Amino acid sequence: MAVLVVADHDNASLKDNTHKVVTAALAMSGDVDVLVASAKVGEIAAAAAKIAGVRKVLTAESAELGQGLAEAVGDLIVGLMGGYDAVLIPATAQGKNFSPRVAAKLDVAQISEVIEVVSADTFVRPIYAGNALETVQSADAKKVLTVRPTAFKAAADGGSAATESVPAPGAPAKVHFVDQKIVKSARPDLGAAKIVVSGGRAMGSAEEFQKVIEPLADKLGAAVGASRAAVDAGYAPNDYQVGQTGKVVAPELYIAIGISGAIQHLAGMKDSKVIVAINKDGDAPIFQVADFGLVSDYKTAVPELMAALEAAGK
Amino acid sequence: MKVLVPVKRVIDYNVKARVKSDQTGVDLANVKMSMNPFCEIAVEEAVRLKEKGVATEVVAVSIGPQQAQETLRTALAMGADRAILVQSDQDLEPLAVAKVLQAIIGEESPDLVLMGKQAIDGDNNAVGQMLSALLDWPQATFASEVVVEGGKAKVTREVDGGLQTLEVNLPAIVTADLRLNEPRYASLPNIMKAKKKELAVKELGSLGVDTKPRLKVVKVTEPAKRSAGIKVETAGDLVTNLKTAGVL
């Protein structure tokens with residue numbers, strides 16, 4: 001069987017998510033091609049061609065593809081699916097935007113947020129915010145999957161696949177791109193960060209949240225997160241929210257400060273490799289999932305942690 | 001302008017889902033059920049469009065068991081004008097849901113479909129996009145701001161790392177993200193009023209839509225449990241442990 005992987009990129013460079021989805025694809029088949037759909041494919045395609053195990057890189061170039069218009073990207077993929085048995089799409093905001101269109105046009109199910117490839121037709125995916133894992137088998141002739149990149153190791157570089165250009169579809173008639181504002185933050189993206197520092201309701205105010213959480217995050221080169229309670233109380237903006245109704249993260253290190261550990265928050269971070277909890281309430285549920293717990297008021301613990309990191313050369 | 005808002009009855013977001021011991025699914029017996037949080041945001045947005053005089057009618061639709069009437073009553077109490085329940089005890093996959101909604105849209109001809117980006121049970125995040133593809137209506141997903149003007153909707157969307165603004169011709173499908181608004185609580189007088197609003201019930205079978213499942217659920221299991229680790233005494237011990245664990 002032949003599998004198509006849709007590359008993740010920011011119109012300038014290829015993102016590591018692509019390497020991770022290639023790993024998932026290689027678990028299904030040895031014939032894996034990568035599609036680069038962008039406003040400017042050059043460097044992105046060159047990077048994709050270097051991923052070990054990739055057979056061929058397909059490129060399509062247009063303004064609408066660069067804008068990520070779901071209608072354009074979806075039509076492009078549907079047009080290519082004659083030659084493929086499955087398409088694997090990174091489960092990013094961008095991937096999730098067009099993937100279901102491909103499934104609907106092919107009249108097949110979408111298998112969402114795959115975290116394990118059991119075989120070429122059987123996959124594991126989290127449901128109920130990761131509180132249950134569903135193993136599903138697809139009888140559809142063609143398979144459309146979104147793949148959660150954090151669940152797979154990145155495929156290494158070392159390949160030298162050929163690149164082939166395919167025609168881009170025409171501009172969609174009923175939707176017009178107005179503008180895009182990508183936040184240029186010095187901090188890493190919450191969804192992709194290796195370390196996340198999150199604050200909870202214990203912070204008490206937005207000023208305190210900024211004063212306590214942000215310097216620690218900056219010291220660690222971490223992204224900033226927050227519990228829903230902190231967001232609801234207005235201490236942190238909504239896009240910081242980690243949890244079932246916010247972002248699901250799985251960093252190497254997750255530091256929860258003044259977070260009690262409500263179910264809906266745990267759902268968003270329990271797949272982190274190492275979890276640290278700092279809370280003055282030793283009975284807080286967060287300690288039940290934490291690898292390292294420090295029962296202490298954050299007001300003393302965080303300055304001490306900053307000092308300890310300083311002493312350790314961080 | 002008529003706005004259609006699909007809503008789903010799901011496990012309450014504050015309740016922990018428990019896997020059945022026979023691995024056939026999640027145990028929903030005697031569990032608190034509520035309107036899916038993203039659907040609530042969509043209802044709120046539709047009601048605000050009506051309050052601004054942009055929308056003239058807000059119709060809530062749900063596909064589910066008889067108890068989904070309660071979810072629809074919640075939508076009516078929030079300010080929807082009438083409701084439709086497509087009754088079925090079958091748990092439909094997103095493609096089937098999209099096809100059922102397509103049939104309802106054929107009957108109702110709304111100008112805008114406002115819906116949640118995802119239900120917190122299946123976590124698929126697919127129905128809105130599928131519906132857009134089936135109808136060949138434009139889509140604007142993960143909306144954090146919606147402005148309707150002159151037969152178009154200007155939608156600000158949450159994208160990877162920032163915000164994107166699209167303008168879609170109506171009729172269109174817009175899916176709601178968290179930041180779009182904060183849904184209101186229905187007031188007691190409005191809950192009472194909602195009981196008198198029209199709620200039509202249709203049988204799923206009467207729509208003639210193919211809702212056959214495409215996926216076979218092999219099993220549903222519990223994720224590996226995290227066990228509680230150790231308590232450290234000082235911030236210094238914490239840093240030492242984190243270095244040993246290789247994450248600093």
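Values in this document were obtained by computation on a predicted structure and should not be read as measured data. Residue numbering restarts at 1 for every chain, and letters A, B, ... go by the order of the sequence lines.
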Where on [X] is there a heavy atom nearer than 4.5 Å to chain B: the side chain, the backbone, both, or neither?
X	answer
A/Ser296	neither
A/Val78	neither
A/Ala267	neither
A/Leu220	side chain
A/Ile275	both
A/Ala262	neither
A/Ala129	both

Counting only non-hydrogen atoms closer than 4.5 Å, does [X] touch chain A with its backbone (N, CA, C, O), its side chain (CB onward), both, or neither?
X	value
B/Pro223	both
B/Phe142	side chain
B/Val15	backbone
B/Lys154	side chain

Please determine, among B/Ala119, B/Pro37, B/Ala172, B/Ser132, the option with the most heavy-atom pairs under 4.5 Å with chain A.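 Ranked by contacts with chain A, first place is B/Ser132.
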
Residue selection (most heavy-atom pairs with chain A, distance under 4.5 Å) from B/Thr156, B/Thr175, B/Leu170, B/Asp136: B/Asp136

Output the residues of residues 234-248 of chain B for which the shortest heavy-atom distance to chain A is under 4.5 Å, in residue-number order; output 'none' if no such residue exists.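 Result: B/Thr234, B/Ala235, B/Gly236, B/Leu238, B/Val239, B/Asn241, B/Leu242, B/Lys243, B/Ala245, B/Val247, B/Leu248.
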
Could you tell me which residues satisfy salt bridge (Lys or Arg N to Asp or Glu O under 4.0 Å) with B/Asp91, sequence neighbours excluded, listed by chain and number?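 Result, salt bridge (Lys or Arg N to Asp or Glu O under 4.0 Å) vs B/Asp91: none returned.
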
Measuring only between side-chain heavy atoms, which start at C-beta, is B/Leu101 closer than 4.5 Å to B/Met115? yes

Most heavy-atom pairs under 4.5 angstrom with chain B, which of A/Val302, A/Val108, A/Asp75, A/Val231?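 Of the options given, most contacts go to A/Val108.
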
Among side-chain atoms of B/Ser144 and B/Asp177, is any donor-acceptor pair under 3.5 angstrom?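 Not at all, the side chains of B/Ser144 and B/Asp177 share no donor-acceptor pair under 3.5 Å.
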
